[in-house]
Amino acid sequence: MTTKSSFFEDVYAVVRLIPQGRVTSYGAIAKYLGTGMSSRMVGWAMNAAIQADPPVPAHRVVNRHGLLTGKMHFGSPHRMQELLEAEGIKIINDQVQSFESLFWNPLTELEM
DNA sequence: CGATTGACGTACG
DNA sequence: TCGTACGCCAATC
């Protein structure tokens with residue numbers, strides 16, 4: 001893109017492309033962005049993503065294990081789980097059920 | 001300006 | 001197989 005897309009904006013774009021009822025991992029996004037395995041940057045971007053406009057469905061982004069590690073950042077720890085369950089995703093003990101089936105890989109879906 | 005932290009992930013023991 | 005240590009890169013203190 002001619003526009004100098006910031007790391008954050010790029011993350012927002014990918015997360016916004018996540019279909020409802022699907023989830024992805026920080027590492028997948030990080031790799032898609034080409035930042036390698038610096039998944040921490042993705043998580044940091046997510047922190048700002050909540051305040052981003054339009055709002056980014058950060059609740060669809062979980063860690064490699066499918067755990068809602070960032071649930072505490074949604075204002076209310078239960079908010080993230082509520083949002084995911086509202087999309088039809090089952091969560092038990094902060095763990096996404098059938099995570100592998102619900103996993104949305106940007107590298108595959110976007111066909112890099 | 002330097003040190004620490006951070007919603008992760010991989011490697012090694 | 002499980003636990004601990006290290007690395008990434010940027011932002012915040």
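Numbered from 1 within each chain, the chains take letters A, B, ... in sequence-line order.
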Atom pair distance, as rounded to whole Å: [atom1] in [X] and [atom2] in [N]:
X: A:Met41; N: C:dT12; atom1: CE; atom2: P; result: 12 Å
X: A:His65; N: B:dA7; atom1: NE2; atom2: C1'; result: 14 Å
X: A:Asn47; N: C:dT12; atom1: CG; atom2: P; result: 9 Å
X: A:Met46; N: C:dC8; atom1: CE; atom2: P; result: 22 Å
X: A:Leu67; N: B:dA7; atom1: CG; atom2: C1'; result: 12 Å
X: A:Tyr12; N: B:dA7; atom1: OH; atom2: P; result: 15 Å
X: A:His73; N: B:dA7; atom1: NE2; atom2: P; result: 4 Å
X: A:Gln51; N: B:dA7; atom1: CD; atom2: C1'; result: 13 Å

Could you check which of [options] has an atom nearest any side-chain atom of [X]?
X: A:Tyr26; options: B:dG6, C:dC9, B:dG9; value: B:dG9
X: A:Trp44; options: C:dT12, B:dG9, C:dC8; value: C:dT12
X: A:Phe74; options: B:dA7, B:dT10, B:dG6; value: B:dA7
X: A:Phe8; options: B:dT10, C:dC8, C:dA11; value: C:dA11

Determine the contact category for [X]: base if any of its heavy atoms lies under 4.0 Å from a base atom, sugar-phosphate if only primed atoms, P, OP1 or OP2 are that close, otherwise nothing.
X: A:Ala30; value: nothing
X: A:Asn63; value: sugar-phosphate
X: A:Ile50; value: base

Task: Any donor-acceptor pair under 3.5 Å from A:Thr24 side chain to A:Val61 backbone - done: no
Open item on the list: Given 3.5 Å as the limit, does a donor-acceptor pair link the side chain of A:Asn93 with the main chain of A:Gln95, or not?
Closed with: no
Open item on the list: Do A:Leu17 and A:Trp104 have side chains that approach each other closer than 4.5 Å (heavy atoms only, starting at C-beta)?
Closed with: yes
Task: Sole residue of A:Val15, A:Val11, A:Asp10, A:Val14 in side-chain contact (heavy atoms from CB on, under 4.5 Å) with A:Val42 - done: A:Val11
- [ ] Would you give the length of the straight line joining atom CG of A:Leu84 to atom CZ of A:Arg79, rounded to the nearest 0.5 angstrom?
- [x] 12.5 Å
